[in-house]
Amino acid sequence: MCMSLYGGLKNQQRRVSVDGGKYESGALEQSIQGSLCRCTGYRPIVDVCKSFGSSVDVEDLGLNIFWKDRKDGRMELLPCYDPGDDPKFPEFLKQEIIQRQSAIDSTGTSAMIEHEKWICATSSGHAFGLLKHFQTRSKTSKEVKIVVGNTSAGVYRDWDHSVFIDISRIPELHVVEARSDGIEFGAAVSIAKLIDFLDENFKKAGSGIAKHLRKVASPHVRNAGSVGGNLIMAQKFGFDSDIATVFLGFGATLKLLVSPDKQVIQSMEEFLEGGGGVDDYPSSLLTMIFLPLRSHEAAEFKTYRASPRL
Ligand SMILES: Cc1cc2nc3c(=O)[nH]c(=O)nc-3n(C[C@H](O)[C@H](O)[C@H](O)COP(=O)(O)OP(=O)(O)OC[C@H]3O[C@@H](n4cnc5c(N)ncnc54)[C@H](O)[C@@H]3O)c2cc1C
């Protein structure tokens, strides 16, 4: 939670340094949206972060955190955020990152981490080749896993894999393109990036989707998690995905690499019906997703999210 709040503060700092303006407490609060924690530390931590925002309601800040008596509650008494006071990123962690990066580069994009093999594919064709190569050498289907953000491990705890094929660095899977008939984007595009792109380029039809996507998980999962990964979870594990549901309604189509030189296009219905099941080897690579936004420009598209009460 502290990391998310700090990330929210840094994002605001970047925005303020480019556009001017002030820190907004509402935006800072949004950075922990999705966090269910309400333990004793919650209120003071959130209050401290909100206190950096110019729009903070002083009355709203907790008593005893800033002042003992409400009469003393005045904006000018709140300390300002000074980036110069930020803790420094630890040197040993910087070195660790550099070492891991060089281990990946010097061995031709592959790295051994204990008994696991983590391989960074450089193109869709490379990823597909790796998938087939390791599948033929594996004893069980659980050994090989394609990953982008690997956030699904937090949902399914499927930790039995020994070979990870990381497709998050494949440039063509990060392309986002506004076409005359809609938007086409790579399967590794993060949920957060898609929201930003829809907001900027498709104000009408796209805003309904973007609004719903903001309800998915929390900012850090949306930053790391890919749209493609979410759709595969819906297909393979029957995950109750918001994204698959919304895309189904919107008539999305998907491109899948089914052999090194063969790509197929499927509707969302075909894609979801074609899920092999949890224990099946992944047999294809989801590469691109297309949303026909222009045809919805004249229509009103609304989505609702029903969540069980906790
Ligand atoms: C705490 C939490 C809350 C969440 N809340 C919501 C929610 O409210 N609504 C919602 O809809 N979702 C929710 N999710 C799901 C979240 O959106 C997904 O976990 C995320 O989008 C998956 O993306 P990833 O890149 O991390 O996928 P990964 O974990 O890397 O991969 C997911 C699966 O897809 C496979 N895969 C990934 N990319 C490809 C590809 N291109 N081709 C073939 N196979 C591929 C992987 O092998 C794996 O089986 C939540 C997740 C978490 C952890």
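Computed from heavy atoms alone, side chains included, the values below leave out hydrogens, waters and symmetry copies. Quick caveat, the model's predicted, so the values are computed rather than measured. When a ligand or atom number is given, it counts from 1 through the structure's own listing order.
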Is [X] close to ligand 1, meaning an N/O of one under 3.5 Å from an N/O of the other?
| X | value |
| --- | --- |
| Asp240 | no |
| Met233 | no |
| Val147 | no |
| Lys145 | no |

Which segment of [X] sits under 4.0 Å of ligand 1 when only heavy atoms are counted:
| X | value |
| --- | --- |
| His220 | neither |
| Ser168 | neither |
| Lys236 | side chain |
| Thr287 | neither |
| Leu173 | neither |

Which of the ligand 1 atoms, numbered from 1, are nearer than 4.0 Å to a heavy atom of [X]:
| X | answer |
| --- | --- |
| Val155 | 51 (C), 52 (C), 53 (C) |
| Ser241 | 11 (O) |
| Ser152 | 19 (O), 28 (P), 29 (O), 31 (O), 32 (C) |

Item to complete: Identify which of Gly228, Gly229, Ser226 has a heavy atom lying nearest to atom 21 (O) of ligand 1.
Response: Ser226

Item to complete: Nearest heavy atom to atom 12 (N) of ligand 1 wins, so pick from Thr151, Asn230, Val227, Ile146.
Response: Asn230

Side chains of [X] and [Y], donor plus acceptor under 3.5 Å:
| X | Y | answer |
| --- | --- | --- |
| Ser123 | Glu172 | no |
| Thr253 | Gln266 | no |
| Thr303 | Lys215 | no |
| Tyr81 | Asp86 | yes |

Worksheet item: Which of parallel (below 30°), tilted (30 to 60°) and perpendicular (above 60°) describes Phe239 and Tyr156?
Response: perpendicular

Practice prompt. Give a yes/no on ligand 1: does Gly154 have at least one heavy atom closer than 4.0 angstrom to it?
Written response: no

Item to complete: Report the C-alpha separation of Ser190 and Asn223 in whole Å, then their side-chain angles, then the decisive distance to 0.1 Å, and conclude whether the side-chain hydrogen bond (donor to acceptor under 3.5 Å, both in side chains) test is met.
Response: CA-CA 6 Å; Ser190 71; Asn223 284 338; 5.7 Å; no

